[in-house]
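Below: the structure, in structure tokens.
Remember, it's a predicted structure, so these values are computed and weren't measured experimentally.
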Amino acid sequence: MDGKVKEKQKQHQQKHSGPKAERKKLKKHGGTVEEDARRRNPKAFAVQSAVRMAKTFHRSQDIKTKKHHIPLVDRTPLEPPPIVIVVVGPPKVGKSTLIRCLIKNFTRQKLGDICGPVTIVSGKKRRLTFMECNNDINTMIDLAKVADLVLMLIDASFGFEMETFEFLNICQVHGFPRIMGVLTHLDSFKNNKVLRKTKKNLKHRFWTEVYQGAKLFYLSGMVYGEYQLQEVKNLGRFIAVMKFRPLVWQTSHPYVLVDRMEDLTDPESVRTDPKCDRTVSLYGYLRGTHLKNKGQVHIPGVGDFQVADVNFLPDPCALPEAQKKRALNEKERLLYAPMAGVGGVVYDKDAVYIDLPASHVNQQQANFRIAATGVVLDLDKSVTVVKKLKLIGYPEKIFKNTSFIKGMFNTVLEVAKFEGASVRTVSGVRGQIKKALSTPAGSYRATFEDRLLMSDVVFLRSWFPVTIPQLYNPVTSLLLPVGQKDSWAGMRTLGQLKHDLGIRNKPNEDSLYKPVVRAPRHFNRLQIPKELQKALPFKSKPKQLQARGKTPRDLQRPSVIREPHEKKVAALIHALSTVHNYKKKKAHTAQHAKHKQFLQEKGKQEEAKLQRQKEARKKLYRAMGQADRKNQRSSLKGAPKDD
């Protein structure tokens, strides 16, 4: 007790008016703003259209269904390793500048030169490792396997380049990671209309390559050699809260992204023999599955090696202590980049020291090439190469659906190996090999779907194993001195050696194309059973018409040669016949016209007759009607008194 009176702290003044205070009041009384609005105006929240409501429901369900994924096992530990973010893009697009800006955004520190992985602490439970992808196809293949997030930089003033499509094609093989596009060099556009059109075209082209709705950021320009602070801040927020889906390759393979390496070989041994075996210590976070000690590992660009020992070391970029707060303080914003000369303390097995960076060479946290990708289907060391072989045979005897085939094999043993195999004719009739015949050697019995013809060709498709010499030639490009890593070349193939030495390849005579001589096919006449012929209609029945032969000479009529007098008589008869025919035709025409007129008059008479009959019927019906009405009236008045 020192006699001092402790001042009372000012209490927090709660709000008594405003939307926030109203919401608190409603929540205190057990209601919400929406429920209060429903009470005041229930019609506004009622269903206006059942069809529209059904469409809205179906659309929301479709959107939810599209977000469903196949469940995968997430093997991420409680304290996960840093998330690997790979920055990809062609040269001079701004990869190093973007990494420096993101590091400054998260750690408030400036990094001069980007070399190797850069690990930073971005939040209470998240660390990020930034890695720049060189303009090298081997580096693209290696980083596509371990990347969790890809920042794909695109030069908006130039458009999509070859490196962008190469990396996208490589990512599809190992399980597509999360990809975010970043447009740079937007300050080169002076016209806003051209800028908006370019953004729209690049966005839709990016959606076509990745997926519809893929995120595409815009970095409008640079200020003092750095991107604008607010744009980098927005990009950092997306990265800090992004969720990642476990990839199949990463969850089924143990892998280490090395962020530091040390050569533990005796310097005296290196001085005496520069090519002696080295002992190298590699440091990095283990990802994927468990790494077995004393196991075999593959180092890209170096080869296959056996691990001498695996040890645990203190985390050089540890997560902050678990405490409830909204942001990290300056001490917890760690940066670990040993290859770039940053990171402070570096832990080793038996020492603590500062790592000095190696020289960074620009190679140009080739002008032309062809990228070909493939999918590894099996990891078996035994590879079987087969060659397609087509065997041809010909029918020897033909029964109903069974035929004897010859010429395809040479011995009974060869036929026995192919029993049950499928065969086929050139015309498309399928069959199966049943059993070998005793004679001739190599012939066999086969059944087919339909009856064969003697002109059919039967062939068998088979595969013949080809033995190839075994060769293992690892890519050791990273073992070359600095500046010569792109000059690595593998062993020349046999074709390249012959081309360089000017040796012409002698073709195999059996592999040359030979002219195919096929005999013309003769098809038998269509044979229709008699029972079927009886059931066919007459027009579809086969007509057994015999060809008319030559008329015998004795039956041929001799030609008649007329005399001059007979010619005159024939001409006179012909003239008289012509006159007679003309008169007959003229009389027929007149008779036809007269008959037509007669029919017209007769029709008029029939019409007059029908009219008279109609009038007479009307008069008769009228009289009959009057008589009926008279009888009805008399019946209503009553019968006469005499009755």
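Annotation: side-chain contact (heavy atoms from CB on, under 4.5 Å) contacts of Ala144 (sequence neighbours excluded): Phe167, Ile170, Cys171, His174. Shown here are the side chain to side chain donor-acceptor pair (under 3.5 Å) partners of Asn581, two or more places apart in sequence or in another chain: there are none.
Within the structure, side chain to side chain donor-acceptor pair (under 3.5 Å) contacts touching residues 491-506 (residues at least two apart or in different chains) are Arg492-Asp500, Lys498-Asn505. For residues 442-452, the pairs satisfying side chain to side chain donor-acceptor pair (under 3.5 Å) are Arg430-Glu449, with sequence neighbours left out. For residues 455-474, the set of pairs meeting the salt bridge (Lys or Arg N to Asp or Glu O under 4.0 Å) definition, not counting sequence neighbours, comprises Asp456-Arg521. Among residue pairs with one or both ends in residues 390-399, none qualify as side chain to side chain donor-acceptor pair (under 3.5 Å); sequence neighbours excluded.
Atoms CE and NZ, on Met140 and Lys145 in that order, are 15.0 Å from each other to the nearest 0.5 Å.
By the 4.5 Å heavy-atom criterion applied to side chains, Leu168 and Ile179 are counted as neighbours. Looking only at side-chain heavy atoms (C-beta outward), Asp148 and Leu247 stay at 4.5 Å or farther from each other. Residues Leu149 and Phe244 have side chains in contact (heavy-atom distance under 4.5 Å, counting atoms from C-beta outward). Put simply, the side chain of Val423 reaches to within 4.5 Å of the side chain of Phe448, judged on heavy atoms.
Less than 6.0 angstrom separates the ring centroid of Phe399 from the ring centroid of Phe404.
The aromatic rings of His204 and Trp207 stand perpendicular to each other, their planes meeting at an angle above 60°, with 30° marking the opposite boundary. Between Phe217 and Phe238, the ring planes lie perpendicular to each other; the angle is over 60°, past the 30° to 60° tilted range.
Electrostatic pairing of Arg205 and Glu209 counts as a salt bridge here, judged by a charged N lying under 4.0 Å from a carboxylate O.
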